[in-house]
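Heads up, the thing below is written out as structure tokens.
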Amino acid sequence: MKEYEHKKIDKKWQQIWEKEKVFKADDESDKEKVYVLDMFPYPSADGLHTGHLLSYTGTDIVSRYLRMKGKNVLHPIGWDAFGLPAENFAIKKGVHPRETTWRSIDNFRRQIKSVGFSYDWDREINTADPGYYKWTQWIFLKLYEKGLAYKKKAPVNWCDSCQTVLAREQVIDGRCERCKNQVIQKELEQWFFKITDYADRLIKDLEKVDWPEPIKQMQLNWIGKSEGALIKFPLQGFDFSVEVFTTRPDTLFGATYLVLAPEHALIEQLKERIENIDEVENYIQKSKEKNELERTDLAKEKTGVEIKGIRAVNPANGEEISVWIADYVLMGYGTGAIMAVPAHDSRDWEFARKYNLPIKEVVKGGDIEKEAYIDKGILVNSGEFSGLDSEQAKEKIISHLKEKGLGEAGVSYRLRDWLISRQRYWGAPIPVIYCPVCGIVPVPEEELPVELPDDVDFKPTGYSPLKDSKSFHKVSCYKCGRDEGVVRESDTMDTFVDSSWYFLRYTDPRNSQEFASKDKISIWCPVDLYVGGAEHAVLHLLYARFFTKVLYDLGYIDFEEPFLKLRNQGMILGEDGQKMSKSRGNVINPDEIIEVYGADTVRVYEMFMGPFEDSKPWSTKGMIGVRRFLDKVWNMAQILKKKTDSNVLPYSLPQEDIPLVRLLHKTVKKVTVDIEEFRFNTAISAMMIFINNLNREVDNIDDVKILVNVFRSFIIILSPFAPHLSEEIWEMFGGEDFVCRQMWPIYREDLTQEDEIEFVVQINGKMRASLRVPTGLSQEEIEEKVMQINNVSKYLDGKQINKKIFVPNRLINFVVK
RNA sequence: GGGCAAGUGGCGGAACUGGCAGACGCGUAGGUCUCAAAAACCUAUGGGCUUUUGCCCGUGAGGGUUCGAUCCCCUCCUUGCCCACCA
């Protein structure tokens, strides 16, 4: 068997496709549009990895398939080019981030082209290009106008190694997502986007999209909507009260003390009246010093201090209760204060036990001496509400409180506003200035973009390098015109801001007047299929949905969900079954394997490894098996070429009712259905079965025309998977145009049906025999044949048949005694 | 602690969502070709019995529903991912 020359063939077709702009997405076309999108890569210095190849091959197969089905496909690529690694490299080596980033992009582009992906390269975008980030800044201004971007002083997560704040989503187990350094708390003035305003819509609209269920679940958990009540506890001797949020208003009678978060504003307010203020302040100071990890460590024993001199009143029964501060109560959730119901909340129970606070049972069903009873049940010790079940009691207690003006139904979310300030250089500058007279002044649209200056030093300082740039701050106030004391905001935006709208830019990537024209957006959007890693479940995917809703509300777009269908590719592990990493030395380099085995082999192998969404280990041996398959295809082309001499036969899909043509139709069906369902592995297996059969049959069939056209049909369906080899073979047989522009074959259902099947005979559910019969036989006909089989009569003779189960074309089961 | 996936040969994985478990590929063994090797091709390949026709066991473990369970239900174990003092 001869191997095909992949190096020559790959290159040849990549050049031709590029020159002819075969994959251009046509804004003017009458065909039905489909937008197939990959999550664009961060162009790291390491280059493309096998995971990129997996997801990009998947979308490429779908894109090529859809074009052949007559669709107008938008399949673009670009670069998520801002980010920390380039800047950290600049700090280490002194090379400007632009330089390293541009170099990495060139490398990524080269690598992506070497795999033969069918992108429309005319639409390439780069988030670090001023022509792009001008519009990132513009969107910021729109959010600012709408009151959705605001600045506030807040305790933030600070990574000392990256020298910047992090969004909550970027803190993993109290550590920086990127460098794994421990994150500390800092009070800083920062810019936020008000994503919490959209919490309900972000939940509700999940119903509209076809996304993997786990991803939806993760978003729901992240937004974390809880319904309950806001209840006011009056303070003894004051004319104001402490408001708490609870999901269990039914347990109100069991609230035996209140707990405030250490950051709660009330403490400052009541300072004068607190008897043990030193002790309290000491506690506050201590909890400030703890980092997120220490504070949220579940294993740790709860601590707290009673605020002496301050007492509250339980609005349900008028009982006087104590007030505490403790750092197990978080300022960021609810109202930053809780009513403690130790009998029915395990955290409160633990705390009450430690500090000898009263534990009062108000819901029957548990043993509160041993542990908190957290389930719902029948109320006791709850005055007029005793005897009700929790659900009824909830409503009644809320309306009772409402009458007295001491409470109402309330909702709380886990979701926090999105902190977008970053004290770094390599990002889009936040387009505002600070004027000593006018305060915060947004940069007017016509002044955009606010470009990154070059007179900066890259060193870890704890503030953005932009702060020290002279040229950057040469600006006068847009409102009053003064220039003395006027400075620009020197923080840049989180790179997730850049990627929250990039899918819109692809529709109109060179527009200098708008972020994208309404017309172009409406031609292509929303995205029909979006593919990328599951790690973006609560970051990018939530932010992009938020931006889409904001732009919808502002009237710039007419859809509310950006990505209609989402699929996640699985992780490709090293050959040792471990996660690929440089330190383990198990990283597969795409360049090397493409060089040695060819682009098509790598593409087909990555799809053949297993289900698209599963994690699976790399196997170079397995890949060689795929190469053998492609070599078989190539050899078949040589064999058939010889048979046809130099005659060019017109192509059409064979329709003859012979076994080989039936197998072809069956294979076409399998591949068609499998592509649509993202089951590329079984599609490839079907094609392997086909070529093995053709190999066996090729010398038994005399009609060369049928043979060649069966083979050419096969090449057409192979082409989305192995496009280079397919083009070469298509050309070899004098095929018109490109194989990637052929119509996808339409299989004939009747030819995909089996005419003979293996019919199974069971006795008491155990398989005892099978027989080859034509399809469609009736139970009587089957029974007649079955009774003649030795192994069946052996089991039936002298037995009583209680029941016969007949499944047409499949099996018959005799239940005997 | 909570939520969600998933557990099938020596390995990656198939199995129309209740109907022949192990497709396809890798690996392994034997064979053909060769002076020899590699490649390629052919045959075999879940385990255990059996001279053959055959029989028994087998989809993480145990139970259940069913004529029939990899698939549905219950309990448990293991692995992975996500969240986690969220009131």
Side-chain angles (χ1 to χ4, degrees), chain A residues 1-3 172-173 212-222 224-226 228 244-248 251 255 259 261 295-300 302 326-330 332-341 344-348 350-351 374 412-416 534-535 537-538 571 575 577 605 608-611 613-626 628-629 631-632 635 670 673 679 681-689 692 695 757-770 790-791 794 802-807 809-816:
Chain A
M1 189 156 94
K2 268 183 73 180
E3 293 184 6
I172 311 293
D173 292 333
E213 232 19 75
I215 299 285
K216 286 190 182 185
Q217 203 54 51
M218 276 189 234
Q219 289 215 348
L220 286 176
N221 291 343
W222 188 261
K225 182 177 183 173
S226 298
V244 304
F245 172 76
T246 178
T247 53
R248 294 293 301 274
T251 63
V259 189
R295 225 183 119 166
T296 58
D297 183 7
L298 270 165
K300 163 203 88 154
K302 293 181 181 24
D327 63 6
Y328 80 91
V329 175
L330 308 173
Y333 184 77
T335 62
I338 62 155
M339 63 176 210
V341 185
H344 306 293
D345 180 288
S346 22
R347 294 154 300 180
D348 298 342
E350 192 191 322
F351 192 80
I374 55 175
S412 204
Y413 299 92
R414 239 182 49 98
L415 183 70
R416 312 291 161 82
E535 67 274 17
V538 287
M571 206 189 320
E575 298 217 52
Y605 173 61
F608 185 60
M609 289 172 81
E613 312 215 352
D614 288 5
S615 292
K616 51 234 153 188
W618 183 268
S619 156
T620 299
K621 284 252 175 71
M623 186 182 54
I624 292 170
V626 165
R628 281 205 270 267
F629 159 63
D631 282 332
K632 277 185 203 167
N635 272 283
K670 179 81 181 141
V673 171
R679 298 191 329 206
N681 54 334
T682 49
I684 292 163
S685 134
M687 291 191 282
M688 287 171 166
I689 292 170
N692 289 343
N695 247 320
I757 40 123
E758 198 74 14
F759 199 91
V760 169
V761 184
Q762 293 184 341
I763 316 287
N764 288 339
K766 274 199 174 16
M767 208 265 271
R768 291 302 175 191
S770 74
N790 263 342
N791 205 41
K794 184 168 113 193
N802 289 342
K803 213 172 173 186
K804 295 177 204 165
I805 288 125
F806 177 76
V807 184
N809 292 328
R810 229 175 256 286
L811 61 76
I812 185 158
N813 185 12
F814 297 95
V815 185
V816 300

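A/I624 has its CD1 atom 8 Å from the P atom of B/G27, to the nearest Å. In this structure, NZ of A/K616 is placed 9 Å from P of B/A14, rounded to the nearest angstrom. If you measure from atom CD1 of A/I215 to atom C1' of B/C81, you get 10 Å, rounded to the nearest angstrom. When the C1' atom of B/A5 is taken as reference, atom CE of A/M571 falls 13 Å away, rounded to whole Å.
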Could you go through nucleotides 48-51 of chain B and list every protein N or O atom that sits under 3.5 Å from one of its N or O atoms, giving the distance for each pair?
none

Using a cutoff of under 3.5 Å, can you pull out all pairs of nitrogen or oxygen atoms linking the protein to nucleotides 66-70 of chain B, with atom names and distances?
{"residue": "B/C67", "atom": "OP1", "partner": "A/K803", "partner atom": "NZ", "Å": "3.1"}
{"residue": "B/C67", "atom": "O2'", "partner": "A/N813", "partner atom": "ND2", "Å": "3.3"}
{"residue": "B/C67", "atom": "O2", "partner": "A/N813", "partner atom": "ND2", "Å": "2.3"}

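Across all strands, A/S619 comes closer than 4.0 Å to no nucleic acid atom at all (heavy-atom distances).
B/G30 adopts an anti glycosidic conformation, its chi angle falling more than 90° from 0.
When the side-chain nitrogen and oxygen atoms of A/N681 are compared with OP1 and OP2 of B/A14, one or more of them lie within a distance under 4.0 Å. Taking 4.0 angstrom as the limit, A/R628 places none of its side-chain polar atoms (N or O) nearer than this to OP1 or OP2 of B/A39. When the side-chain nitrogen and oxygen atoms of A/S346 are compared with OP1 and OP2 of B/C85, none of them lie within a distance under 4.0 Å.
The side-chain contact (heavy atoms from CB on, under 4.5 Å) check on A/M623 picks up A/I593, A/Y597, A/T601, A/V602, A/Y605, A/W618, A/T620, with sequence neighbours excluded. Among residues two or more places apart in sequence or in another chain, the salt bridge (Lys or Arg N to Asp or Glu O under 4.0 Å) test is passed with A/R768 by none. Residues satisfying the side-chain contact (heavy atoms from CB on, under 4.5 Å) test with A/E758, not counting sequence neighbours, are A/S770, A/R772.
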Here RNA chain B, pairs taken as Watson-Crick or G-U under 3.5 Å and shown with ( ), [ ] when crossing and | when to another strand, reads (((((((..(((......[....)))((((((.......))))))((((....))))..(((((..]....))))))))))))....

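Checking B/C20, B/C83, B/A15 against every side-chain atom of A/T682, the shortest atom distance belongs to B/A15. For A/M688, taking side-chain heavy atoms from C-beta onward, the closest of the listed nucleotides B/C24, B/C85, B/C20 is B/C24.
The base of B/C16 is paired with the side chain of A/R810 by a donor and an acceptor separated by under 3.5 Å.
When the C1' atom is used for both B/U51 and B/C57, the distance is 22 Å, rounded to whole Å.
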